[in-house]
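Okay, structure first, notes after.
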Protein chains: 2
Amino acid sequence: MTKAYEKPDVSVDVVLLTLAEKGLKVALHRRAKEPYPGSLALPGGYIHADEDDSLEDAARRTLQDKTGLAPRYLEQLRTFAGPGRDPRGWSVAISYVALVPFEELAAVPSTVFEFYSVDDIPALAFDHSDQVRAAVERVRNKSSYSTLPCWLLPGKFTLTQLQHTYEAVFGESVTRATFRSRLGIKVGDVQTGEAVDEAGVLIATDDYQLGNQRPARLFRADKLGLFKRASW
Amino acid sequence: MTKAYEKPDVSVDVVLLTLAEKGLKVALHRRAKEPYPGSLALPGGYIHADEDDSLEDAARRTLQDKTGLAPRYLEQLRTFAGPGRDPRGWSVAISYVALVPFEELAAVPSTVFEFYSVDDIPALAFDHSDQVRAAVERVRNKSSYSTLPCWLLPGKFTLTQLQHTYEAVFGESVTRATFRSRLGIKVGDVQTGEAVDEAGVLIATDDYQLGNQRPARLFRADKLGLFKRASW
DNA sequence: CTAATAGTGTCTTTGAGACACTATGGC
DNA sequence: GCCATAGTGTCTCAAAGACACTATTAG
């Protein structure tokens, strides 16, 4: 009963998603080493028992090492495991989802990642295609009842930009008024600066985005807000 | 770069939940061995790389070995890990939630488990309290937009029993008509046997539960159904 | 002034939920 | 007949969403 079972390999993979003009994209890199050299894969790596204090730490360290990025949104997705996903044997991969504004990715050398539309994913190493599918499903689903899409935008954004983000995530359009009422923004509060979404998370700043039109108030979100009901 | 990092221990833990008269209960057993001998803990065990074909297999095997149970509902919850959760060092625990009808537990010897109300959990070994909390949160949340509570009932059940189950999970009552409309059951369809919930998962059988009143049609659910909108 | 986009008031329709009425068994 | 619980029809009120109107900038 106290037989020592062979320990499986344990790694952390990160599904890094961003929003480009044509919709959600996933960041993939080309593997150099065995197994699957030359294949596209998610960024990931082994846990470093001596330096990682948590799984999230390991995920952040992996991204930091490979790209220098520190994503503002990082969430555990699910754990993928089994005897067949890695030719070296029984393995465990704890998968994370990271959301990064497209603008931040300009700082990453273009040789590190290739970006692919999440609705048109090529063949990937290991079970990484499954991980991407699960991540996209999670993001779409969670966006329907939360302020999650805020993390695909820069720190400050207009309501119209946020609306376009939701529309890109879901591939569906709504009217401005409908969008705002879905967020739970009470009419009249945008101008007074008391605008607040249903979850009390969207914060009106005193800055405006100027341009060839009426200036638009800029908002920010500090934490994830959950709506009472799904709405998309 | 090819330094061999020490592999963490990997185990699977199961949060086994059931519904007794006074609400949701979690099954706990008293540990015999180190670490934490004498403490209450979740059932769990190491992965057996030679016999487990998946994580879910490992979870099922664990339950089978300890109790002989084969839960109809089993779902991966989340992975808990870190250097501090087990005194033996960096460890990874993939947590599963299992739902079992109270009736099925009669077959398990009463010495195996003690049942505790999920809203009044004692101190547990490792981070098992966190796991229970997360499991309950998941079950409550998912019940608000799915037919998940069906798995807390025997194979066939009346709509009233199902309503009582939802009410026990949430600790809140509604009228019969409200409950049925939440499921999306169209009026008039219960009697004709075409009754179907919003997700098309509740199946009307031809059996009725008799008693000192008008007989109630029995239903069954084969798979989990998701509603379009949360409703509790 | 016009063009362009931001913000809001109003109306319609849908649907959630409370209530009360009808149905059908055991006694 | 009565009691008890199952199943359903109806009404009300609130929220979702479309549309159109007003507001504020640049040029």
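Residues that satisfy the salt bridge (Lys or Arg N to Asp or Glu O under 4.0 Å) test with A:D53, not counting sequence neighbours, are absent from this structure. The salt bridge (Lys or Arg N to Asp or Glu O under 4.0 Å) search around B:E75 returns B:R138, B:K142, not counting sequence neighbours. Listed by chain and number, the residues in a salt bridge (Lys or Arg N to Asp or Glu O under 4.0 Å) with A:R72 amount to none (sequence neighbours excluded).
Among the nucleotides C:dC27, C:dA6, D:dA6, the one closest to any side-chain atom of B:A216 is D:dA6.
What separates CD of B:Q163 from P of D:dT5 is a distance of 13 Å, to the nearest Å. Atom CZ in B:R217 sits about 13 Å away from atom P in C:dT24, given to the nearest Å. Between the P atom of D:dA6 and the CD1 atom of B:I185 lies a distance of 13 Å, rounded to the nearest Å. Atom-to-atom, CG of A:L162 to C1' of C:dA6 comes out at 15 Å; the value is rounded to the nearest Å. Distance, B:L183 CG to C:dA16 C1': 14 Å, rounded to whole Å. Rounding to whole angstrom units, OH of residue A:Y208 and C1' of C:dT5 are separated by 15 Å. For B:F179 and C:dA18, the CZ to C1' distance is 17 Å, given to the nearest whole Å. Atom CD of A:Q209 is separated from atom C1' of D:dA26 by 14 Å (rounded to the nearest Å).
B:T160 comes within 4.0 angstrom of sugar-phosphate atoms only, judged by non-hydrogen atoms across all strands, and of no base.
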Reading nucleotides 13-24 of chain D 5' to 3', which nucleotides get B (base under 4.0 Å from a protein heavy atom), which S (sugar-phosphate only), which -?
-> ----SBB---BB
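Under a 4.0 Å N-O distance rule, the pair A:D207/A:R217 does not qualify as a salt bridge.
Within the structure, the side-chain hydrogen bond (donor to acceptor under 3.5 Å, both in side chains) test picks out the following pairs touching residues 121-130 of chain A (sequence neighbours left out): A:D13-A:H128, A:R85-A:D127, A:D127-A:Q131, A:D130-A:R133. Residue pairs satisfying the ring pair (Phe, Tyr, Trp, His ring centres under 6.0 Å) criterion with at least one member in residues 160-183 of chain B, sequence neighbours excluded, are listed as follows: B:Y166-B:F179, B:Y166-B:W232, B:F170-B:W232.
A:T175 and A:T178 form a side-chain donor-acceptor contact under 3.5 Å, judged by distance and modelled atom types alone.
Heavy-atom nearest nucleotides on DNA chain C were determined for A:R180 and for A:N212, and the one closer to the 5' end corresponds to A:N212.
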